[in-house]
Amino acid sequence: MLAAGKGKRLRSSTPKVLHPVCGRPLLWHVLQTVRAARPTKIVIVVGPGADDVREAVASWGITPAPIFVEQTEQLGTGHAVLAAERAVGRVTEVLVANGDFDPVRPEDLRALLRTHRRTKSAASVVTAEMDEPGGYGRVIREGDRLVAIHEPADASGAELGIREGATNWIVFRRADLYRALPLVGRENRQREHYLKDVYEILLDRGERVSAVRGETGGTIGANSRAGLATLEEVLRSRINAAHMDAGVTLLDPATTYIDAGVKIGPDTVVLPLTFLEGDTVIGRGCRIGPSTRLLDTRVADAAQVTFSVAEGARIGRGADVGPFARLRPGTVLAAGVHVGSYVEIKASSIGRDTKVPHLSYVGDATVGRRANIGAATVTVNYDGYDKHPTVIGDDARIGSDTMLVAPVKVGKGGVTGAGSVITKDVPAGALAVERGEQRTVKGYRRRRDSEHRGS
């Protein structure tokens with residue numbers, strides 16, 4: 001894995017290979033594709049930002065555990081592969097891939113390996129049709145044999161019309177690769193050792209180099225912010241297609257954004273302008289969206305989330321969330337819970353069939369079953385120094401505009417009067433009301449109107 005590039009055109013302090021696409025770093029995508037080759041060893045060549053790359057890769061649990069080689073001078077792709085020679089060891093074949101991800105599919109990689117072994121080639125490369133070949137070298141082939149790669153400056157008029165370019169997914173016979181690399185010069189504008197120059201050396205020796213067409217969605221690599229956006233579009237299209245093939249309905253795939261690794265059960269419907277991110281898992285028969293964002297959230301079967309945001313939450317079977325609700329990390333909704341408009345819940349568990357219909361904040365609370373939380377209820381959980389818990393029992397009824405000043409407990413079947421500030425525990429089945437006595441002044445409006453006209 002060539003992961004030492006600086007990515008100058010990205011203008012970023014983040015290493016190029018750690019820029020996210022569909023929720024995962026570029027290098028993560030490469031390593032997932034590499035699994036199709038069943039490697040016995042993975043070597044990652046790192047450069048600037050090496051510690052960040054090591055830390056990220058360690059968190060992904062890749063097997064076999066990667067070996068890291070540092071390229072102290074960035075002298076090109078050929079130089080990077082040569083730096084890894086000792087770590088590669090005495091294997092028969094070496095697969096090379098860019099860490100910034102030419103979006104080759106696993107099936108393309110398997111086809112590459114089959115062709116390489118069947119034809120006994122010294123090297124084999126995945127090629128792809130590009131929408132805008134621009135400054136990329138054109139692939140010149142005879143059948144599945146690579147004849148040359150001509151840079152635009154060296155290509156004829158007819159060759160400039162070729163849209164096929166070479167990716168950096170290449171498999172080599174190890175012995176041929178490491179015999180040729182020391183012969184690669186730096187006679188180019190960048191003064192770097194280019195890995196692609198190995199092709200010419202092998203061809204001059206009479207060796208066979210194979211070219212295997214793959215599918216990259218018309219793009220190769222991600223060398224700029226625009227390139228990242230194009231790559232995101234390609235991968236998102238693949239992800240969405242895979243979910244639809246698995247029985248998920250996407251009403252408008254072009255406006256549905258699903259991260260790599262998100263799981264969705266069959267018969268679920270995802271509406272437009274929905275973002276499913278991180279480690280989100282959605283069950284069967286759900287309805288998600290429109291205009292909804294779920295991050296690291298689990299949604300059980302038959303639940304519905306509409307015009308809402310949930311982060312690090314768990315939504316139970318048949319629960320109904322939204323519109324315009326926010327579930328913050330640590331929220332757990334049991335089956336049949338209803339969370340309505342302009343409700344925010346944080347670090348709280350809400351019991352089965354409980355309703356929090358509208359305009360409420362529930363934080364650091366435990367709410368039992370079948371409770372009803374009236375409009376504009378607030379669990380006052382923060383005293384300026386610490387957070388405190390609120391406990392609401394089964395079948396409790398919390399009146400509208402109740403302030404529950406934590407720590408406080410409302411017992412099973414307890415009731416609070418609307419507009420109350422509850423600072424003491426409410427026993428089971430009891431009513432707690434905290435209000436000033438209402439005073440009625442008869443004739444007030446007529447007297448005030450008369451005074452106003454007289455002035």
Side-chain angles (χ1 to χ4, degrees), residues 1-7 9-10 12 14-39 42-47 49-50 52-66 68 77 80 95-113 125-128 130 165-171 214-243 256-264 275-280 295-296:
M1 305 292 134
L2 305 182
K6 295 179 180 178
R9 280 183 282 174
L10 292 174
S12 174
T14 300
K16 181 180 182 181
V17 299
L18 296 185
H19 276 264
V21 169
C22 292
R24 304 283 185 172
L26 290 165
L27 184 58
W28 181 92
H29 290 281
V30 180
L31 288 164
Q32 299 309 304
T33 302
V34 159
R35 294 167 60 188
R38 298 184 178 180
I42 296 175
V43 178
I44 301 178
V45 181
V46 293
D52 292 336
V53 175
R54 287 190 183 95
E55 182 179 350
V57 172
S59 71
W60 301 335
I62 302 297
T63 55
F68 292 91
T77 51
L95 173 68
V96 177
N98 271 359
D100 59 0
F101 196 40
D102 298 330
V104 163
R105 303 167 303 175
E107 53 264 43
D108 298 326
L109 183 52
R110 287 190 285 267
L112 174 72
L113 294 170
V125 57
V126 176
T127 65
M130 293 184 290
T167 73
N168 253 9
W169 287 91
I170 316 162
V171 61
E215 172 54 56
T216 65
T219 188
I220 294 179
N223 296 313
S224 64
R225 300 285 181 167
L228 283 172
T230 300
L231 183 57
E232 175 109 21
E233 185 177 356
V234 170
L235 295 187
R236 186 170 69 245
S237 176
R238 291 179 184 175
I239 290 168
N240 289 355
H243 284 296
T256 302
Y257 305 85
I258 304 176
D259 278 358
V262 168
K263 296 179 175 60
I264 309 175
F275 297 78
L276 306 178
E277 302 174 358
D279 294 321
T280 291
L295 170 64
D296 297 334

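Remember, it's a predicted structure, so these values are computed and weren't measured experimentally.
Of all heavy-atom pairs between D259 and E277, the closest is OD2-CA, 3.2 Å. When every heavy atom of L228 is checked against every heavy atom of A222, the shortest pair comes out as CD2-CB, 3.8 Å. When all heavy atoms of A80 and L2 are compared, the closest pair comes out as CB-CD2, 3.9 Å. For the pair T63 and I42, the tightest heavy-atom approach, listed with the atom from each and the gap, is O-CD1, 4.5 Å. Here the closest heavy-atom approach between residue N168 and residue D102 is recorded as N-OD2, 2.8 Å. What you find for T280 and L295 is that their closest heavy atoms are OG1-C, 3.6 Å.
The CD1 atom of I62 lies 5.0 Å from the CD atom of Q32; values are rounded to the nearest 0.5 Å. Rounded to the nearest 0.5 Å, atoms CG (N240) and CG (L235) are 11.0 Å apart. Separating the OG1 atom in T256 from the CD1 atom in I239 is a distance of 12.0 Å, to the nearest 0.5 Å. To the nearest 0.5 Å, atom CZ of residue R238 and atom CD of residue E233 are 12.0 Å apart. Here the CG atom belonging to L231 is positioned 9.0 Å from the CG atom belonging to D100, to the nearest 0.5 angstrom.
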Please list every donor-acceptor pair under 3.5 Å in which a side-chain atom of residues 22-31 meets a protein atom from a residue at least two apart or in another chain.
from : atom 1 : to   : atom 2 : distance (Å)
R24  : NE     : A260 : O      : 3.4
R24  : NH2    : D279 : OD1    : 3.1
H29  : NE2    : V21  : O      : 2.7
H29  : NE2    : R24  : O      : 3.4

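Applying the side chain to side chain contact (heavy atoms under 4.5 Å, CB included) criterion to P15, with sequence neighbours excluded, gives L18, D52, V53. Applying the salt bridge (Lys or Arg N to Asp or Glu O under 4.0 Å) rule to R35 yields no partners; only residues at least two apart in sequence or on another chain are considered. Qualifying side-chain hydrogen bond (donor to acceptor under 3.5 Å, both in side chains) partners for T216, counting only residues two or more places apart in sequence or in other chains: none. Under the salt bridge (Lys or Arg N to Asp or Glu O under 4.0 Å) criterion, E107 pairs with R105, sequence neighbours left out.
Ring planes of W169 and F101: perpendicular class, angle over 60° (limits at 30 and 60°).
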Check your understanding: Step by step, would you call D108 with T167 a side-chain contact (heavy atoms from CB on, under 4.5 Å)?
Key -> CA-CA 12 Å; D108 298 326; T167 73; over 6 Å; no
Residue pair M1, V34: steps toward the side-chain contact (heavy atoms from CB on, under 4.5 Å) verdict | CA-CA 10 Å; M1 305 292 134; V34 159; 3.1 Å; yes
Margin query: The test is side-chain contact (heavy atoms from CB on, under 4.5 Å); show your working for V17 and I44 and say whether it passes.
Written below: CA-CA 11 Å; V17 299; I44 301 178; over 6 Å; no
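The number of heavy atoms from other shown groups lying within 6.0 Å of CD (E215) is above 12.
Looking only at side-chain heavy atoms (C-beta outward), L109 and L95 come within less than 4.5 Å of each other. Here the side chains of P106 and R110 are in contact, with some heavy-atom distance below 4.5 Å. In this structure the side chain of L113 reaches within 4.5 angstrom of the side chain of V171, judged on heavy atoms.
Each side chain to side chain donor-acceptor pair (under 3.5 Å) pair with one or both residues in residues 220-230, not counting sequence neighbours, appears once here: K16-N223.
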